[in-house]
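This report concerns only the one structure given below.
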Amino acid sequence: MANFSKSNVPQFSVEVYQNAFLPEGGREVNAIVTVTSTGGGTTGGIPLPRAAASPGHVPGYGPGPGQAQAPGQTPSSAVVLMVDCSGSMDYPPTKMRNARDATAAAIDTLREGTRFAVVAGTHVAKDVYPGNGQLAVADARTKAQAKEALRRLSAGGGTAIGTWLRLTDRLLGAADVDIRHGILLTDGRNEHEAPEDLRAALDSCAGRFTCDARGVGTDWEVKEVTSIASALLGTADIVADPAGLAADFTQMMENAMGKEVADVALRLWTPVGVEIRFVKQVAPTVEDLTGRRTEAGPRAGDYPTGSWGDESRDYHVCVLVPEAGIGQEMLAARVSLILPDPSGAGAPQVLSQGLVRAVWTDDMVVSTSINPQVAHYTGQAELAQVIQQGLDARKSGDFDGATAKLGRAVQLAAASGNQDTAKLLSKVVDVVDAATGTVRLKAKVAEADEMTLETRSTKTVRVKK
């Protein structure tokens, strides 16, 4: 495998946006933490400018949130493509052909030297290329062989996605690589294993590889597919028309090939007496990480963020601090990006760091002002929640509840400038007044439109800074 200079490895920066001022008796501190990874393979190693300080750096509280470079060379990668080959993939017959073509397009996108395999998924899982529990090394010959194996795939049997994931885990786990990634395609519900079996498989695979999941057509279960992507820190989406699979798979594989650092964790350290309310990713999608904390020493915990390429994400951190008097100031939390030692023997590397603070004041104008970033992402998180609640109410026949929730969603989407979500909502409701959230449920809604809204409900827009 080719080695690359350290200039091709990303650098990380952390910026903290918050209103640190609290009124007398105030305890809740909110901050948006923007994490940016830059200078990896897709930008040719352009380093971030080093800054003496950035928003969130408090002099006297230790080092500011400067940038640190990840160790080592451009990482080795392994990818397993899981293709649904259950009987339903034959209806219509073009669906299976589109799936084969899409997987072939993804294979063409593999970087030379990437280890890869193809798994055919039914009520059992079978590694159809290269087979025998092995991974192939991507080059012109193995790509051609893999595409030939794809042409022999046919539809038949049931659906047990947990078995696909466990086989993928075994294949990826045997590879001595830095980044492990799965791509999963399904067109149906997971009807041939118990829900607890899929949950157990996800628990077993979590933290071992990331996985993007796609539902093709409209006969699959949105919450099933999104839960797979959520548990494995990947993306989920719908491809309602199978003809769109090739473009989607190519883009997914390009994104996977752009990942440069795996297993990055957001570490939150808090002083004595500080309680953590929640830690959420809020851009590019909403993902609650609160329950995924693993302890990392006294008053410190790690929250998984998965693999990174050249990209930026936002996180909402909310903590409760002890009450203090007017004029007092304290460090509410220290947020660090952590890269574990691959051997497990050494100390993890701190890639970058930011600080969240609390200052008590009797200036009511300052203390009651909501930071624009915090306000924006609080609204985006509510937007995702009310869409889910509205669609669930609609399915259960609670049309008044659905109208109220989806009306609120329209209002939030309009206020935040989330035009993509606003367009999806307009296919489910007739908008009378977006500003007030006045809507009417549409009498007839295409199933693909409803599923698209549900699948993409957690996608957010970045705040204008």
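When only modelled atom types and interatomic distance are considered, Gln281 and Thr305 share no side-chain donor-acceptor pair under 3.5 Å. With hydrogens and angles left out, the side-chain atoms of Asp288 and Thr290 include a donor and acceptor closer than 3.5 Å. A donor-acceptor pair shorter than 3.5 Å cannot be found between the side chains of Gln388 and Asp392. Side chains of Asp212 and Thr235: a donor-acceptor N/O pair is present below 3.5 angstrom, by distance only. Under the 3.5 Å distance criterion, with hydrogens and angles disregarded, a donor-acceptor pair is assigned to the side chains of Thr36 and Ser312.
Remark: the backbone N or O of Lys405 is not paired with any side-chain donor or acceptor of Gln389 at under 3.5 angstrom. The backbone N or O of Val321 sits less than 3.5 Å from a side-chain atom of Arg27, completing a donor-acceptor pair. Between the side chain of Asn190 and the backbone N or O of Ile161 there is at least one donor-acceptor pair closer than 3.5 Å. Under the 3.5 Å distance criterion, the side-chain polar atoms of Asn30 are left unmatched by any main-chain donor or acceptor of Cys318. Counting only distance, with no hydrogens or angles, the side chain of Ser230 and the backbone of Ser227 share no donor-acceptor pair below 3.5 Å. A side-chain donor-acceptor contact under 3.5 Å links Gln411 to the backbone of Ala435. A donor-acceptor pair under 3.5 Å links the side-chain atoms of Ser76 to the main chain of Asp178, judged by distance alone. Between the His376 side chain and the Val461 main chain, a donor and an acceptor come within less than 3.5 Å of each other. Side chain of Ser352 to main chain of Val14: a donor-acceptor pair is present (N/O by atom type, distance under 3.5 Å, no hydrogens or angles). For the pair Ser37 (side chain) and Asp310 (backbone), a donor-acceptor distance under 3.5 Å is absent.
At least one side-chain heavy atom of Leu81 sits less than 4.5 Å from a side-chain heavy atom of Met253. With contacts defined as side-chain heavy-atom distances shorter than 4.5 Å, the pair His181/Ser307 does not qualify. Contact check for Tyr17 versus Asp314: no side-chain heavy atoms found under the 4.5 Å cut-off. For the pair Leu351 and Trp308, the minimum side-chain heavy-atom distance is 4.5 Å or more. Counting heavy atoms from C-beta outward, Val439 and Asp430 have side chains that stay 4.5 Å or more apart.
Listed by chain and number, the residues in a salt bridge (charged side-chain N to carboxylate O under 4.0 Å, His left out) with Lys95 are Asp187 (sequence neighbours excluded). The salt bridge (charged side-chain N to carboxylate O under 4.0 Å, His left out) check on Lys280 picks up nothing, with sequence neighbours excluded. Taking Trp220 as the reference, nothing meets the ring pair (Phe, Tyr, Trp, His ring centres under 6.0 Å) condition, with sequence neighbours excluded. Every ring pair (Phe, Tyr, Trp, His ring centres under 6.0 Å) that Phe116 has, sequence neighbours left out, goes to Tyr129. Qualifying side-chain hydrogen bond (donor to acceptor under 3.5 Å, both in side chains) partners for Asp248, counting only residues two or more places apart in sequence or in other chains: Arg214. Not counting sequence neighbours, the partners of Asp363 by the side-chain contact (heavy atoms from CB on, under 4.5 Å) test are Thr361, Val365, Val366.
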Going through the checks in order, is the salt bridge (Lys or Arg N to Asp or Glu O under 4.0 Å) test met by Arg313 and Glu287?
-> CA-CA 11 Å; Arg313 306 179 200 169; Glu287 190 67 59; over 6 Å; no
Let me see the working for Phe209 and Leu165 under side chain to side chain contact (heavy atoms under 4.5 Å, CB included), right down to the final yes or no.
-> CA-CA 10 Å; Phe209 65 93; Leu165 294 169; 4.3 Å; yes
Verify salt bridge (Lys or Arg N to Asp or Glu O under 4.0 Å) between Arg189 and Asp219, making sure each step is shown before the conclusion.
-> CA-CA 7 Å; Arg189 292 172 175 82; Asp219 294 328; 5.2 Å; no
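Counting non-hydrogen atoms of neighbouring residues, nucleotides and ligands closer than 6.0 angstrom, the CD atom of Glu24 reaches no more than 12 such neighbours.
Scanning both residues, Lys143 and Ala138, for their nearest heavy atoms gives CE-CB, 4.1 Å. Closest heavy-atom contact between Ala117 and Leu171: CB-CD1, 4.1 Å.
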